[in-house]
Q: 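Below is the structure I would like to discuss, written out as structure tokens.
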Protein chains: 2
Amino acid sequence: MNVSADQKLGAADIAALIRREISKGSLQLHDRLPPERVLSDSYGAARGTVRKALTRLEKEGFVETRPGSGTYVVHQPDDNSASAIEHATPLELMDARFALEPHICRLSVLHGRQSDFDRMEELCNRMEDCLDDPVAFSDADTDFHRALVECTRNGLLIWIIDQIATVRSEDDWTRMRHLTLDRRTIATYNTQHRQILNAIRTREPERAANIMKEHLETARLSLTRASDT
Amino acid sequence: MNVSADQKLGAADIAALIRREISKGSLQLHDRLPPERVLSDSYGAARGTVRKALTRLEKEGFVETRPGSGTYVVHQPDDNSASAIEHATPLELMDARFALEPHICRLSVLHGRQSDFDRMEELCNRMEDCLDDPVAFSDADTDFHRALVECTRNGLLIWIIDQIATVRSEDDWTRMRHLTLDRRTIATYNTQHRQILNAIRTREPERAANIMKEHLETARLSLTRASDT
DNA sequence: ATCAAATGGTCTATAATTGGTCTAGAAAAG
DNA sequence: CTTTTCTAGACCAATTATAGACCATTTGAT
């Protein structure tokens, strides 16, 4: 949705981008933003547009702009213990997924409904159309694992997986993960996703869990291979 | 309504997809949706269809559309970090622990150090002095499981377990849990804790994981027994 | 202290974008 | 068949964006 490469950015879009930079911490308290003329250039928008975005952010209390000087960040993002999660390494994340997802498969067998399976089926189809589009595949993959945990009807588990997805969406990671996604790897993942879905459909908890373990092992290998290069 | 594959999307489907984007967080408050013409293109539907979906979402209060400007997100999805965790039921929590803790045992075998084991040993001793003090036992028990996950040296897992511990510390739960803790039950738990610690010490990952499963099964039984009374 | 550069503030005429509305026909559902 | 829904286009009105200019203040170097 937001992927749209050369989509023209409006004031609202630019405001949203900067707002996120601030909440994420890439722009910290008292930092000065680039000059309006530079921003307008780098966002590919006219200065007036950037200016409108900044005016909005000022009203919202994110920034303060001083004439002749610049625009400064004035906002302490609520520290939601995010720090603990932000520093997670890819390997830590893999271990957490190893703990959670196989058992989530078992629970999905117990509590999953037809509509859940249909949605997962649709996501499998979508992923199979993405052999050459790592970015789109990655999004669909995240959705698939989210749909899987939704089968469990366990709000706590869903929340945990969402938190993990947040970590995975960090920019650096996303870029690195896309590097590991060649055509071959995506094809392997697709096969495994199908197998997992089928095992859940036929109500075979242990088989589903085992394929998930395989799936995660594959992912871990891709990861270590990528960090070697 | 057939959901499968790349079928044509109806207004209801598109509304559902966008609704999902919003609750998932990919579309946040104040974000502007892509123009109707772009949406219609990317969903492969006519503009009128997209428009119908948006009208629906507006009635539902997810979105607000301003003529000449765009369609904007007006909905703060319930901040899960509070609500999802606060509303977790004891059984949901048990399932989450079933997913996490056995694998945490395996990881503890890999990464645990002598000092970790000493600390857990000490906690075992403390718990064994608590046969008649459910409150003190409960505290030590929480510490034990926290010490266990610390063995993994995995900040993400530690954070997750801490979150779960927060849930467990809710007043109602604590009271209920204390009811299940008679002398016999505590003794059983103590035995299991010892066994888990020993299995980790002797570097037997699967044995440790299995005893943890037993342990959790025992806890689950106590729980269901308690809710029957 | 002075000057030059950089930066935000303001304005304007024009062009582009966007939602709102309508229509006629095709497709799907009952 | 009838009814509903979707499609594909067109046009309108409101809003927004563009590109450039000029000003006032701040900043930093000389």
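In the text below, chain A, chain B and the rest are named by the order of the sequence lines, each starting its count at 1.
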Q: A:Asn198: what forms a side-chain hydrogen bond (donor to acceptor under 3.5 Å, both in side chains) with it, not counting sequence neighbours?
A: none
Q: Only pairs under 3.5 Å count here: list side-chain donor-acceptor contacts from residues 31-40 of chain B, not counting sequence neighbours, and write none if there are none.
A:
residue	atom	partner	partner atom	Å
B:Asp31	OD1	A:Arg20	NH2	3.2
B:Asp31	OD2	A:Arg20	NH2	2.2
B:Asp31	OD2	B:Gln28	N	2.9
B:Arg32	NH1	B:Ser69	O	3.3
B:Arg32	NH2	A:Asp13	OD2	3.1
B:Glu36	OE1	B:Arg47	NE	3.1
B:Glu36	OE1	B:Arg47	NH2	3.2
B:Glu36	OE1	B:Arg51	NE	3.4
B:Glu36	OE2	B:Arg51	NH2	3.3
B:Ser40	OG	B:Arg37	O	2.8

Q: Which comes earlier along DNA chain D counting from the 5' end, the contact point of A:Ala12 or that of B:Gly48, where each point is its nearest nucleotide?
A: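 Going by which nucleotide is closer to the 5' end, it is B:Gly48.
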Q: Using atom CD1 of B:Ile14 as one end and atom P of D:dT5 as the other, report the distance to the nearest whole Å.
A: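 Distance, rounded to whole Å: 15 Å.
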Q: Write down the protein N/O and nucleotide N/O pairs, taken from nucleotides 19-26 of chain C, whose separation is under 3.5 Å; answer none if there are no such pairs.
A:
residue	atom	partner	partner atom	Å
C:dG19	OP2	B:Glu36	N	2.9
C:dG19	O4'	B:Gly68	N	3.3
C:dG19	O3'	B:Thr65	OG1	3.2
C:dG19	N7	B:Arg37	NH1	2.9
C:dG19	N7	B:Arg47	NH2	3.2
C:dG19	O6	B:Arg37	NH2	2.9
C:dG20	OP2	B:Arg51	NH1	3.3
C:dG20	OP2	B:Arg51	NH2	2.3
C:dG20	O5'	B:Arg51	NH2	3.2
C:dG20	N7	B:Arg47	NH2	2.8
C:dG20	O6	B:Arg47	NH1	2.9

Q: Roughly, in whole Å, what's the span from CG in B:Leu39 to P in C:dT18?
A: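 Rounding to the nearest Å, CG of B:Leu39 and P of C:dT18 are 10 Å apart.
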Q: Residues in side chain to side chain contact (heavy atoms under 4.5 Å, CB included) with A:Asp182, at least two apart?
A: A:Arg184, A:Thr185, A:Arg225
Q: Please identify each residue that fulfils side chain to side chain contact (heavy atoms under 4.5 Å, CB included) with A:Arg207, with sequence neighbours left out.
A: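 Residues passing side chain to side chain contact (heavy atoms under 4.5 Å, CB included) with A:Arg207: A:Ala199, A:Thr202, A:Glu204, A:Ile211.
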Q: For the pair B:His103 and A:Phe98, name the ring-plane relationship: parallel under 30°, tilted 30 to 60°, perpendicular over 60°.
A: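 Aromatic pair B:His103/A:Phe98 classed parallel.
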Q: Looking at residues at least two apart in the chain, or sitting in another chain, which of them share a side-chain hydrogen bond (donor to acceptor under 3.5 Å, both in side chains) with A:Thr191?
A: none
Q: Of all residues at least two apart in sequence or in a different chain, which pass the side chain to side chain contact (heavy atoms under 4.5 Å, CB included) check with B:Ala165?
A: B:Thr142
Q: Under the rule for side chain to side chain contact (heavy atoms under 4.5 Å, CB included), what residues qualify as partners of B:Ala15, not counting sequence neighbours?
A: B:Arg19, B:Ala53, B:Leu57
Q: A:Lys52 has an atom NZ; how far is it from atom P of C:dG9, in whole Å?
A: 15 Å
Q: Please report how far the helix from C:dA1-D:dT30 to C:dG30-D:dC1 bends, comparing the axis fitted to its first five pairs with the axis fitted to its last five, to the nearest 10 degrees.
A: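 One end's axis against the other's: 60°.
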